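Everything on this sheet refers to the single structure shown next.
Keep in mind the model is a prediction, meaning the values are calculated, not measured. Reckoned from all heavy atoms, side chains included, excluding hydrogens, waters and symmetry mates. To find a chain, count down the sequence lines: A is the first, B the second, and so on, and within it residues start at 1.
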There are 2 protein chains.
Amino acid sequence: MAEIRIEWPDPEGQEIVERLFAADAALRAHFEQVAAAVGLTVPQAHTVIQLQEPQRMGTMAGHLHCEPSHVTAIADSLEESGFLRREPDPDDRRAKRLVLTEAGQKLRGRLLKRLFDGAPIISALDADQRAGLLSMLRMAQSSDRHQAWRRLPAAAGDGSCPPVPS
Amino acid sequence: MAEIRIEWPDPEGQEIVERLFAADAALRAHFEQVAAAVGLTVPQAHTVIQLQEPQRMGTMAGHLHCEPSHVTAIADSLEESGFLRREPDPDDRRAKRLVLTEAGQKLRGRLLKRLFDGAPIISALDADQRAGLLSMLRMAQSSDRHQAWRRLPAAAGDGSCPPVPS
DNA sequence: CGCAATTGCTTCAGTGACTGAACTATGTTG
DNA sequence: CAACATAGTTCAGTCACTGAAGCAATTGCG
């Protein structure tokens, strides 16, 4: 996303937004680079990462925030490359589950390792700084009534982050 | 960007990354929604916001992190809608400067107002929380040697954020 | 000065991510 | 069983964006 440099009603708010965008740009660039390094596009990499365990395609569409038809396309490409296969869902014969092949699991491992190794923010902060940043983000996200926050995965917190009121 | 929910070597790092992605998703959604509310696409809105003062097209490409040819396309659409015009650059007759029309300036005003009014993080934190978040982000970004941070606009800080060493 | 290399923008063809509608097959409900 | 909902697929199309080719103006070097 582009830099935003404007006269803003609130200069502190401006800087926060700018820096969050910058943080995001860095993370995104990192992710893109890691994906490319193992020969995947960004959505392919997301899909592989998501596949720690078999997932129905509709569920995957939810995780990727896209339409089911797009998951079909991504799955096609990853299946063709031999990183996953479709298997029938035991509970619903309409549904298919995406399952990583052996090659897919190895790929996922490499992906995770590289992702973590170079992650910009993690490597830049010491333990105190990390804890501080994290608690701020928790505060921001738990008190925010804006609906986009609600997408935060429930599994993200360790319980210290109060649930978002509905 | 999709949620990332994985077994991570460092659970705290995982949560930070997840929350930063979530923060980004919220900001992005907000931006997109605001742009749509005034009838612009995201890149059009970025361009209008960037045009506080006339900009050469090449400079704009730099700000938008895209190729000059793409700026041509965006400028075409905004010119057609009457929000900006191309004027010759006085210092270089090859170059053109993008200038907001009166309509464009009004549009920019509405855009900024709406952007600020609903910005998720800003509205969710109180003054202390904001200051804390900001200082963390400054620390993260000033100590990070990762190149993506370097894109941070120089104007963002008030001087309290030391320059990134090259 | 004069010619070559460079720079600013445009044009155009193409790509990758993604949506939405129509369709098939299966599942659910009354 | 009929009617409807749901899972995934197919396909056509959109949107953001790139990269190469080209024109015009500018800069630099002999």
Side-chain angles (χ1 to χ4, degrees), chain A residues 1-3 21 24-25 28-29 31-33 35-36 38-51 54-81 84-99, chain B residues 1-3 24-25 28-29 31-33 35-36 39-51 54-81 84-99:
Chain A
M1 190 161 250
E3 297 162 10
F21 275 123
D24 168 63
R28 232 163 251 264
F31 192 93
E32 207 171 319
Q33 182 188 318
V38 301
L40 295 183
T41 66
V42 167
Q44 284 173 339
H46 272 132
T47 303
V48 169
I49 285 177
Q50 207 59 239
L51 277 178
Q55 295 268 323
R56 282 166 62 145
M57 299 184 69
T59 312
M60 183 62 74
H63 287 138
L64 300 178
H65 302 135
C66 70
E67 299 298 313
S69 61
H70 190 209
V71 174
T72 297
I74 299 171
D76 283 350
S77 65
L78 288 172
E79 193 166 34
E80 195 175 357
S81 316
L84 62 76
R85 58 176 187 279
R86 289 163 160 96
E87 67 177 27
D89 186 293
D91 302 334
D92 187 337
R93 289 205 327 249
R94 290 169 304 179
K96 295 164 190 170
R97 297 197 311 178
L98 302 180
V99 190
Chain B
M1 192 160 249
E3 296 162 12
D24 168 63
R28 234 162 248 265
F31 192 93
E32 207 171 319
Q33 182 188 317
L40 295 183
T41 66
V42 167
Q44 284 172 339
H46 272 132
T47 303
V48 169
I49 285 177
Q50 207 60 241
L51 277 178
Q55 295 266 324
R56 281 165 64 143
M57 300 183 69
T59 311
M60 184 62 75
H63 286 137
L64 301 179
H65 302 137
C66 70
E67 301 297 313
S69 61
H70 190 207
V71 174
T72 298
I74 300 171
D76 282 351
S77 65
L78 288 172
E79 192 166 34
E80 194 174 358
S81 316
L84 62 78
R85 57 175 188 279
R86 290 163 160 96
E87 67 177 28
D89 185 292
D91 300 334
D92 187 338
R93 288 203 329 247
R94 291 168 304 179
K96 294 165 191 171
R97 297 197 310 179
L98 302 180
V99 190

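- Straight-line distance from the CZ atom of B/R28 to the P atom of C/dC18: 12 Å, rounded to whole Å.
- Per the geometry, CE belonging to A/M60 stands 21 Å off P belonging to D/dT6, to the nearest Å.
- When all heavy atoms are compared, the tightest approach of A/V42 to A/E32 is CG2-CG, 3.6 Å.
- Position along DNA chain C of the nearest nucleotide to A/C66 versus B/A95 favours B/A95 as the more 5'-ward residue.
- Screening B/E87, B/Q55, B/R86 for a side-chain contact (heavy atoms from CB on, under 4.5 Å) with B/V99, the sole residue that qualifies is B/E87.
- Rounded to a whole Å, the NZ atom of A/K96 is 12 Å from the C1' atom of C/dT26.
- Across all strands, A/R97 comes closer than 4.0 Å to no nucleic acid atom at all (heavy-atom distances).
- Contact annotation: B/T41 side-chain N/O to D/dA16 OP1/OP2 distance is under 4.0 Å.
- For the pair A/D89 CG and D/dT6 C1', the interatomic distance rounds to 13 Å; values are reported in whole Å.
- Residue-to-nucleotide contacts include no donor-acceptor pair under 3.5 Å from the side chain of A/S69 to the base of D/dG8.
- Contact annotation: side chain of B/R94 to base of C/dT7, donor-acceptor pair present below 3.5 Å.
- Applying the 4.0 Å criterion to OP1 and OP2 of C/dT11, one finds that B/T72 has every side-chain N and O outside that range.
- The base of C/dT26 lies outside donor-acceptor range of the side chain of A/R93, with no N or O pair under 3.5 Å.
- Proximity of B/H70 to B/L64: side-chain heavy atoms (C-beta onward) are nowhere separated by under 4.5 Å.
- Residue order along DNA chain C, read from the 5' end via each residue's closest nucleotide, puts B/T59 first among B/T59 and A/H70.
- Counting non-hydrogen atoms under 4.0 angstrom, A/D92 reaches the backbone sugars and phosphates but no base.
- One can place CD of A/E32 at 12 Å from C1' of C/dG16, the figure rounded to the nearest angstrom.
- Contact record, A/L51 with A/L98: CD2-O, 3.4 Å, taken as the closest heavy-atom pair.
- Taking atom CG on B/L64 and atom C1' on C/dC9, their separation rounds to 15 Å, with Å as the unit.
- Here the closest non-hydrogen pair linking A/V71 and A/C66 is CG2-SG, 3.9 Å.
- Rounded to an integer number of Å, the gap from CE of B/M57 to P of C/dT7 is 18 Å.
- Rounded to whole angstrom, the span from the CD atom of B/Q55 across to the C1' atom of C/dC9 amounts to 16 Å.
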